[in-house]
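All remarks here apply to the structure that follows.
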Amino acid sequence: MDILYIVPYAPNLIRVRPYQLIRALARRGHRVTLASLWTSAQEKVELQQLAEAGVRVLAQPQPILRSLVNCLRTLPTSVPLQAVYSWQPALARLLLTTIQHEQFDVVHVEHLRGARYGLYIKDWCTHWQLSLPIVWDSVDCISHLFAQAAQHSRSRQGRLITQLELKRTRSYEGWLVSQFNQVLVTSVADQSALAELVQQYGKAMADGRDDIRYESNLQVLANGVDLDYFVPRDTCREPAMVVFSGKMSYHANVTAALYLVEEIMPIVWAQQPEVQVYIVGKDPTPEIRGLAARAGINSGKPRVVVTGAVADIRPYLHKATLAVAPILYGAGIQNKVLEAMACGAPVVASPQATTALATQAGCELLVAQDASSFAQAILALLADPAHRADLGHAGRAFVERYHSWNVMATQLETIYDQARRGYSK
């Protein structure tokens with residue numbers, strides 16, 4: 001197939017879903033044209049690396065000033081700021097020029113930030129009576145995430161975003177689902193949340209039209225994990241090292257880190273004062289950085305280490321006694337859990353971190369409902385090397401069976417075929 005794949009940010013090992021799906025589709029023989037934006041020299045390099053891997057790249061710069069102007073212009077309207085943040089007219093014009101001169105089998109558009117490009121192409125094709133199926137990969141239901149943040153976020157940024165965006169995002173997402181041939185999400189929970197928004201807001205946003213479709217075009221396409229990159233290592237794990245990873249400016253991760261250090265770990269330290277917590281990920285907020293100072297030092301070692309950005313997360317996952325995902329709210333799949341399991345690290349997670357995974361609690365990972373049970377699970381694993389090893393082996397086997405990117409790309413091919421058949425009816 002000839003695939004036009006639009007991503008409103010440079011795909012990379014952090015923005016792993018488009019990065020791995022694009023590479024997997026290219027390896028499977030499809031001709032993939034990536035249309036994207038870059039905001040830094042590093043992102044420009046990342047796009048060039050994809051080009052060197054055989055992906056055709058169409059890219060435009062997106063200065064932060066343009067994103068801010070987009071948001072300011074939209075603020076008085078009912079459109080969510082997320083929907084305009086990555087709008088770049090130069091990229092839109094480039095897309096139309098490309099479509100006019102080349103024939104694509106399907107257009108794939110990622111995220112709420114990219115949806116406007118899909119709508120732009122759809123309107124142009126409708127005007128010229130052209131048939132071009134468009135798949136919108138919502139990834140997560142943003143309204144579902146914001147609603148949880150309103151209840152649970154301990155991040156000032158998270159609360160501010162929620163207050164500003166929740167109402168407008170609900171109505172906009174409910175309408176968007178009806179606009180595309182297929183709509184993808186990463187979990188059943190996000191699928192249900194979007195379907196509910198369609199029922200609540202879809203008809204009202206359709207302006208009386210009778211062509212609106214409902215949740216029948218909503219499908220789940222889970223995330224995978226790079227099983228050749230994230231692999232177990234026969235190295236000695238530290239005796240008392242707990243790792244929590246992720247982008248540490250993201251409000252759900254900020255909340256999780258605060259919950260871990262302020263509520264869970266004091267119970268652990270009361271019995272095992274030597275345990276160290278490593279918070280690994282880029283852009284830690286002042287709240288996160290402050291955790292290290294507040295937790296103090298034991299036997300000359302800091303109880304909490306905040307690394308900031310690291311070149312490679314794998315050494316931390318290989319050395320960790322165990323990995324944790326104390327997520328209090330979120331959407332989609334937690335890649336941090338998949339990556340830890342792929343590296344053979346035993347995982348303790350909250351229910352919110354595992355709802356998108358078909359794991360069996362106690363078999364591939366441990367699930368803990370509250371701070372007390374989470375701490376007890378950590379203590380139990382610290383005291384039982386054999387159980388840690390069993391969980392690590394079972395976790396690796398689980399991701400091999402269900403979460404390889406090749407499996408995800410195979411499913412995506414089927415979704416593309418469905419979109420093409422549906423469009424031709």
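Since we're looking at a predicted model, the values are computed, not measured.
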May I ask you to check whether over 12 heavy atoms, not counting those of [X], lie within 6.0 Å of atom [atom1]?
| X | atom1 | value |
| --- | --- | --- |
| Arg28 | CZ | yes |
| His387 | NE2 | yes |
| Tyr402 | OH | no |
| Gln103 | CD | no |

[X] side-chain N/O to [Y] backbone N/O, donor-acceptor pair under 3.5 Å:
| X | Y | answer |
| --- | --- | --- |
| Tyr259 | Ala371 | yes |
| Thr39 | Gln62 | no |
| Gln182 | Val135 | no |
| His144 | Asp140 | no |
| Asn217 | Val177 | yes |
| Gln88 | Ala90 | yes |
| Thr186 | Val139 | yes |
| Thr255 | Ala252 | no |
| Ser143 | Thr169 | yes |
| His30 | Val32 | no |

Identify the two heavy atoms, one from [X] and one from [Y], that lie closest to each other, and give their separation to 0.1 Å.
| X | Y | answer |
| --- | --- | --- |
| Ala409 | Leu21 | N-CD2, 4.2 Å |
| Leu75 | Arg168 | O-NH2, 3.3 Å |
| Arg237 | Leu317 | NH1-O, 2.6 Å |
| Cys141 | Glu173 | SG-OE1, 3.6 Å |
| Arg314 | Cys343 | CG-SG, 4.4 Å |

Please check if any side-chain donor atom of [X] sits under 3.5 Å from a side-chain acceptor atom of [Y], or the reverse.
| X | Y | result |
| --- | --- | --- |
| Tyr9 | Glu110 | yes |
| Asp123 | Thr126 | no |
| Gln219 | Gln411 | no |
| Gln418 | Arg421 | no |

Contacts of type salt bridge (Lys or Arg N to Asp or Glu O under 4.0 Å), residue Asp228, not counting sequence neighbours: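 None.
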
Residue that, paired with [X], satisfies side-chain contact (heavy atoms from CB on, under 4.5 Å) out of [options]:
| X | options | value |
| --- | --- | --- |
| Arg66 | Pro61, Cys71, Pro89 | Pro89 |
| Leu81 | Asn70, Thr74, Leu68, Leu72 | Thr74 |
| Trp124 | Leu132, Leu119, Leu95, Ile99 | Ile99 |

With the side chain counted from C-beta on, respond yes when [X] and [Y] share a heavy-atom pair under 4.5 Å apart, and no when they do not.
| X | Y | value |
| --- | --- | --- |
| Ile6 | Ile121 | yes |
| Val55 | Tyr5 | no |
| Ser138 | Leu194 | yes |
| Leu112 | Leu176 | yes |

Under the side-chain contact (heavy atoms from CB on, under 4.5 Å) test, which residues partner Val231, sequence neighbours left out? Arg233, Arg396

Spacing of Leu391 atom CG and Leu366 atom CG [to the nearest 0.5 Å]: 5.0 Å

Side-chain polar contacts of residues 353-365 - donor-acceptor pairs under 3.5 angstrom, sequence neighbours left out - could you list them?
{"residue": "Thr354", "atom": "OG1", "partner": "Pro351", "partner atom": "O", "Å": "3.2"}
{"residue": "Glu364", "atom": "OE1", "partner": "Gln360", "partner atom": "N", "Å": "2.7"}

Between [X] and [Y], how do the two ring planes meet: parallel, tilted or perpendicular, split at 30° and 60°?
| X | Y | answer |
| --- | --- | --- |
| His251 | Tyr329 | parallel |
| Trp87 | Tyr120 | perpendicular |
| Tyr316 | Tyr278 | tilted |

Quick one: do Glu102 and Arg56 make a salt bridge, cutoff under 4.0 Å?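 Yes, charged N to carboxylate O under 4.0 Å.
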
I'd like to know if Glu46 pairs up with Arg15 as an ion pair, taking the criterion as any Lys NZ or Arg NE/NH1/NH2 lying under 4.0 Å from an Asp or Glu carboxylate oxygen. no

